[in-house]
Amino acid sequence: MTESYQPETLALRAGTERSQFHEHSEALFLTSSFVFDNAEQAAKRFIGEEPGNIYSRFTNPTVSMFEQRLAALEGAEQCVATASGMSAILSACMGLLKAGDHVVASQSIFGSTVNLFNNVLKKFGVETTFVSATDVAQWQAAVRPNTKLFFLETPSNPLTEISDIAVIAAVAKNCGALLAVDNCFCTPILQRPLELGADIIIHSATKYIDGQGRVLGGAVLGSKKLMEPVYGFLRTTGPTMSAFNAWIFLKGIETLKLRMEAHSANALQLAQWLEQQPNVARVFYPGLPSHPQHALALKQQKTGGGIVAFEVKRGKAAAWRVIDSTRMLSITANLGDTKTTITHPATTTHARITAEARAAAGISDGLIRIAVGLEALVDIQNDLLRGL
Ligand SMILES: *Cc1c(COP(=O)(O)O)cnc(C)c1O
């Protein structure tokens with residue numbers, strides 16, 4: 001019914017199911033289990049002969065509303081909600097991979113995702129090759145007969161590199177692998193990876209979907225066929241989204257379009273202003289013509305998004321001075337919040353990799369990442385100007 005609606009309408013209307021009380025706003029069902037009319041109904045539910053809720057590790061009405069709403073926005077057949085973004089990636093891999101399989105992943109992905117591939121999945125016989133986010137030839141060259149999954153994140157964190165989803169999807173398809181895209185930075189408001197040929201979408205709902213820094217959650221989206229083993233893993237092992245968090249996310253999604261547009265508008269103006277500052281050596285933002293993949297970004301995403309990185313002259317001391325001179329911005333590694341956050345990647349999110357690996361990834365000691373919030377632009381500028 002809601003399939004033909006525009007995204008802002010889907011964000012408000014998709015997935016809503018009213019209870020016997022006809023509530024207008026989506027209800028929060030805090031119950032671990034559900035009661036059956038009789039023994040026969042219980043038996044039918046358990047063997048799947050009759051649809052319906054059994055236990056909240058399997059399904060919960062509030063969580064189901066969230067899943068349907070996000071699926072509608074991404075244009076996916078099915079969404080599986082999870083306890084966090086990391087458990088979304090874990091559930092997708094555990095559901096779709098087995099010992100002996102090989103993964104090709106962008107080297108510019110979230111740090112815990114690198115750890116998951118390098119340390120956790122490796123123990124279970126899944127090997128990963130890391131390649132450049134932007135050089136498609138490396139993806140092709142890394143393919144082995146047992147390659148089952150391509151994994152990328154675009155724009156990347158913190159340098160906002162853009163991976164060409166359509167081109168990498170074609171390479172994956174050609175060798176019989178699935179392409180998973182972590183769509184956390186753009187959300188379906190700015191980028192719809194399934195339409196570009198991706199098979200699976202990953203979300204950390206913790207970021208823009210909540211948008212107000214309150215709770216953790218995640219999601220895996222794709223075809224019914226691909227989501228069946230992912231849901232099977234979740235149902236058995238339990239990294240399920242809590243009903244309370246799903247209710248927070250349902251409300252967050254309602255303003256997602258407004259927020260993404262406002263984050264993007266603020267970020268673009270801040271990036272343009274940073275480019276003018278004498279102590280700033282370089283600004284990384286896909287919406288700037290100076291970004292090496294500006295044309296691809298404009299084709300693939302609606303706007304440049306809310307994340308801006310910039311390099312100050314004179315390295316770490318200068319970067320720390322900018323951060324420590326702020327009075328309003330939140331010094332925290334989280335992102336996707338209405339409140340602007342500022343972080344020094346080299347000593348926080350990317351501190352545990354070697355200095356050589358950091359240099360190879362382009363993360364210099366002078367680099368600062370800002371997740372631009374919804375405060376007045378002039379107040380963000382003044383807060384940064386003190387240290388610049
Ligand atoms: C934060 C983040 C994750 C992990 O999400 P959690 O909800 O913290 O588990 C995964 N991918 C990206 C791009 C992220 O920013």
Side-chain angles (χ1 to χ4, degrees), residues 63 66 70 74 79-94 103 105-121 128 130 133 149-163 165 179-191 193 198 200-221 234 238-242 244-246 248-249 252-253 260 263 267 284 286 301 305-309 330 332-337 341-343 345 348-350 352 361 363 369-373:
V63 176
F66 164 75
L70 189 58
E74 286 285 14
C79 170
V80 178
T82 60
S84 67
M86 287 319 302
S87 56
I89 303 173
L90 176 69
S91 301
C93 290
M94 295 302 269
V103 177
S106 161
Q107 65 199 10
S108 308
I109 52 177
F110 191 63
S112 296
T113 313
V114 174
N115 268 337
L116 175 66
F117 284 126
N118 262 345
N119 303 326
V120 181
L121 292 178
T128 303
F130 291 94
L149 180 72
F150 279 24
F151 189 99
L152 64 84
E153 197 177 301
T154 180
S156 73
N157 178 18
L159 293 175
T160 71
E161 294 165 284
I162 309 288
S163 296
I165 298 175
L179 171 62
V181 173
D182 184 330
N183 203 25
C184 169
F185 275 33
C186 276
T187 82
I189 299 299
L190 303 185
Q191 172 172 282
I200 297 150
I201 295 173
I202 301 287
H203 273 290
S204 166
T206 315
K207 312 294 168 51
Y208 288 107
I209 290 178
D210 170 14
Q212 288 144 87
R214 297 167 291 192
V215 295
L216 276 86
V220 189
L221 299 102
L234 190 94
T240 313
M241 177 179 283
S242 94
F244 179 81
N245 292 7
I248 295 278
F249 293 133
I253 287 183
M260 291 315 290
H263 281 296
F284 303 84
Q301 315 173 188
I307 310 294
V308 177
S330 309
T332 171
N334 196 27
L335 61 94
D337 196 296
T341 67
I342 186 165
T343 191
T348 60
T349 53
H350 293 69
R352 288 199 292 179
I363 296 163
R369 189 201 71 196
I370 296 196
V372 185

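Counting starts at 1 for both ligands and their atoms, following the listed order.
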> With sequence neighbours left out, what residues match F151 under ring-ring contact (aromatic ring centres under 6.0 Å, His included)?
Replying inline: F117

> Do Q191 side-chain atoms and T154 backbone N/O form a donor-acceptor pair below 3.5 Å?
Replying inline: yes

>> Strictly distance-based, threshold 3.5 Å: is any side-chain N or O of S106 a donor or acceptor partner for the main-chain N or O of L152?
In response: no

>> side chain to side chain contact (heavy atoms under 4.5 Å, CB included), that's the test. Do D182 and I109 meet it? Break it down for me.
In response: CA-CA 9 Å; D182 184 330; I109 52 177; over 6 Å; no

>> Are the side chains of I209 and L70 in contact, using a 4.5 Å heavy-atom criterion?
In response: yes

>> For a 4.5 angstrom cut-off between non-hydrogen side-chain atoms, does N245 reach F66?
In response: no

Which pairs of N or O atoms, one from ligand 1 and one from the protein, are separated by less than 3.5 Å, and what is the distance for each pair?
{"residue": "ligand 1", "atom": "5 (O)", "partner": "S204", "partner atom": "OG", "Å": "3.0"}
{"residue": "ligand 1", "atom": "7 (O)", "partner": "G85", "partner atom": "N", "Å": "2.8"}
{"residue": "ligand 1", "atom": "7 (O)", "partner": "S204", "partner atom": "OG", "Å": "2.9"}
{"residue": "ligand 1", "atom": "7 (O)", "partner": "T206", "partner atom": "OG1", "Å": "2.6"}
{"residue": "ligand 1", "atom": "9 (O)", "partner": "G85", "partner atom": "N", "Å": "3.0"}
{"residue": "ligand 1", "atom": "9 (O)", "partner": "M86", "partner atom": "N", "Å": "2.9"}
{"residue": "ligand 1", "atom": "11 (N)", "partner": "D182", "partner atom": "OD2", "Å": "2.6"}
{"residue": "ligand 1", "atom": "15 (O)", "partner": "K207", "partner atom": "NZ", "Å": "2.6"}

